[in-house]
Amino acid sequence: MALTGRTVLIAVLGALVVAALPGWHGILLVAGVLLLAVLLDLALAAPVRSLRLERDGAESVRAGDEARVRLTLTNPSNRVLRGELRDAWTPGAFSDPDEAYRATRHRLLVPPGERRRMETVLRPARRGERRPDRVTIRSRGPLGLAARQGAHRVPWSLRVLPPFTSRRHLPAKLARLRELDGRTSVLIRGEGTEFDSLREYVPGDEVRSIDWRATARRGSVAVRTWRPERDRHLLLVLDTGRTSAGRVGDIPRLDVSMDAALLLTALASRAGDRVDLIARDRRTRISVRGHSGREVLPAMVRAMVDLEPALVETDAPGLAAAARAAAPHRSLIVLFTALDPGPADTGLLPILPELLRRHSVMIASVSDPRVAEMARARGTVPGVYEAAAAARHQEEREEIITRVRRMGAIVVEGSPDDLAPAVADAYLALKAAGRL
């Protein structure tokens with residue numbers, strides 16, 4: 001039972017009456033009347049335990065988007081249900097506490113035998129599984145003096161998918177891909193190995209693209225055009241060790257890598273290439289293999305829902321072994337990892353030669369814009385120290401990148417906003433050059 005503000009007000013008025021009446025008679029009179037009114041009001045309030053509740057609505061949503069989950073309440077009693085309802089969810093279902101407070105509270109007025117539907121609008125900021133906690137209902141009596149209160153468990157599950165913010169770059173990358181495929185008027189003079197057609201020579205064409213036999217037959221110089229090969233294999237490898245837990249701005253490095261992997265998957269699958277994914281630190285966290293066409297991107301999104309960084313050092317030899325097992329034939333291996341001097345010296349650099357013997361390797365690493373800001377800091381003693389530390393970090397990082405490139409790997413780096421399109425551009429450049 002819960003006492004309301006109206007009950008307190010009546011109690012205060014009763015106290016004034018008692019003060020005006022002499023002796024115990026006034027006290028007993030006011031107390032008796034108040035108690036009788038509260039008990040009567042409580043008896044007339046609709047019961048809470050017998051209420052029936054059901055859920056329906058969204059079952060999945062991308063992080064940052066709205067998800068609408070409906071709650072249907074049925075009042076089977078012969079009394080009017082008046083009061084409030086709180087539909088509580090576990091932390092992470094809303095982007096801020098104020099929004100959670102407003103979205104989860106609903107006023108109730110349900111006549112006997114009727115039902116009402118309430119909608120809770122969730123906006124989860126992080127991927128993962130989100131579940132409701134308890135539905136708490138307060139049923140007030142007609143006088144508003146007392147209320148019954150109880151809770152119900154109404155299960156539901158909302159899968160919060162990765163946001164895939166780099167999806168906005170996909171149309172431009174697909175347009176470039178169509179140019180490479182020869183589906184537009186732009187003719188590509190790349191080094192792909194799949195012959196497309198012959199056309200007239202124009203100034204600027206490479207001499208090695210001239211088809212001399214066709215030139216002799218036609219009486220004019222003809223050149224070959226090439227179409228990038230299809231059905232190539234890409235293996236995306238996410239390093240989920242402790243370096244992936246570092247935050248770049250407001251985003252964990254792993255989330256930036258996942259976003260870039262999704263854009264590359266969407267692009268490569270449209271290009272007709274096969275894409276697989278593994279995520280590993282000391283053990284394989286997820287493995288998405290054997291999907292093709294339009295199935296591969298949804299499969300990766302589902303697999304990434306619960307993927308989180310592990311606060312352990314990555315087992316680099318184990319990662320290389322897992323990559324070789326997942327890519328037994330020549331492939332493009334795209335490794336999303338950090339290029340910090342310490343972990344790269346002991347982890348990445350020793351395993352690269354082994355991977356490069358059979359495969360093409362691309363290293364994708366997110367850079368921290370904060371380091372560039374620190375490098376420009378001047379004017380104060382702390383600013384000078386920050387600039388010196390940032391310059392030292394950048395110098396060591398550039399040394400690692402130079403060593404990786406000398407081994408023959410491709411290095412792509414960028415800020416959280418730039419990494420995904422940069423990886424997609426590097427893939428398209430490889431397609432245009434026929435190096436996949």
Within this structure, what is the [atom1]-[atom2] distance for the pair [X] and [Y], rounded to the nearest 0.5 Å?
X: D417; Y: I251; atom1: CG; atom2: CD1; answer: 7.0 Å
X: H106; Y: I137; atom1: NE2; atom2: CD1; answer: 11.0 Å
X: M118; Y: R107; atom1: CE; atom2: CZ; answer: 13.5 Å
X: L277; Y: L234; atom1: CG; atom2: CG; answer: 11.5 Å
X: F164; Y: T265; atom1: CZ; atom2: OG1; answer: 8.0 Å
X: Q394; Y: I401; atom1: CD; atom2: CD1; answer: 10.5 Å

Neighbour count >12 (heavy atoms, 6.0 Å) for atom CZ, R105: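 Correct, the count exceeds 12.
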
Compare all side-chain heavy atoms of [X] with those of [Y] and state whether any distance is below 4.5 angstrom.
X: R82; Y: P142; result: yes
X: R116; Y: L108; result: no
X: V411; Y: L339; result: yes
X: E84; Y: R140; result: yes
X: L263; Y: V423; result: no
X: D425; Y: R176; result: no
X: I410; Y: V412; result: yes
X: D273; Y: K431; result: yes

Smallest separation among heavy atoms of [X] and [Y], with atom names:
X: A268; Y: Y427; answer: CA-OH, 3.5 Å
X: P132; Y: W156; answer: CD-O, 3.2 Å
X: T72; Y: R117; answer: OG1-NE, 3.4 Å
X: R397; Y: S365; answer: NH2-OG, 3.2 Å
X: S50; Y: P47; answer: OG-CG, 3.6 Å
X: S367; Y: V248; answer: O-CG1, 3.6 Å

Has [X] got a side-chain atom pairing as donor or acceptor with [Y]'s backbone, closer than 3.5 angstrom?
X: N75; Y: V110; answer: yes
X: R130; Y: R126; answer: yes
X: S166; Y: D259; answer: yes
X: T284; Y: R280; answer: no
X: H359; Y: A323; answer: no
X: R148; Y: A45; answer: yes
X: R55; Y: V154; answer: yes

For side chain to side chain contact (heavy atoms under 4.5 Å, CB included), just list the numbers for L348 and L335, CA-CA rounded to whole Å, side-chain angles, deciding distance to a tenth of an Å, and then say yes or no. CA-CA 10 Å; L348 175 64; L335 175 57; 3.6 Å; yes

Which donor-acceptor pairs under 3.5 Å do side chains of residues 61-68 form with protein atoms, sequence neighbours excluded?
from	atom 1	to	atom 2	distance (Å)
R62	NH1	P162	O	3.0
E66	OE1	R68	NH2	3.2
E66	OE2	R123	NH2	2.8
R68	NH1	E119	OE1	2.9

Electrostatic pair [X]-[Y], nearest N-O below 4.0 angstrom:
X: D315; Y: R282; answer: no
X: E395; Y: R392; answer: no
X: D87; Y: R134; answer: no
X: E308; Y: R127; answer: yes
X: E313; Y: R242; answer: yes

Have a look at T337 and tell me which of T243, T240, D239 forms a side chain to side chain donor-acceptor pair (under 3.5 Å) with it.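 In the set T243, T240, D239, the residue that makes a side chain to side chain donor-acceptor pair (under 3.5 Å) with T337 is D239.
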
Below 3.5 Å, can you tabulate the donor-acceptor pairs from side chains in residues 291-304 to any protein atom, sequence neighbours excluded?
none

With side chain to side chain contact (heavy atoms under 4.5 Å, CB included) as the criterion, how do Q149 and V48 come out once you've worked through the C-alpha distance, each side chain's angles and the decisive distance to 0.1 Å? CA-CA 7 Å; Q149 183 166 306; V48 174; 6.0 Å; no

Show your working on side chain to side chain contact (heavy atoms under 4.5 Å, CB included) between V305 and V160 and close with a plain yes or no. CA-CA 7 Å; V305 167; V160 185; 5.9 Å; no

Would D133 and R153 count as a side chain to side chain contact (heavy atoms under 4.5 Å, CB included) here? Give the steps. CA-CA 7 Å; D133 187 9; R153 297 280 184 179; 2.9 Å; yes

Any pair with a residue in residues 347-365 that passes salt bridge (charged side-chain N to carboxylate O under 4.0 Å, His left out), sequence neighbours left out, goes on the list, sorted by first then second residue, please.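 Listed once each, the pairs are R324-E354.
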
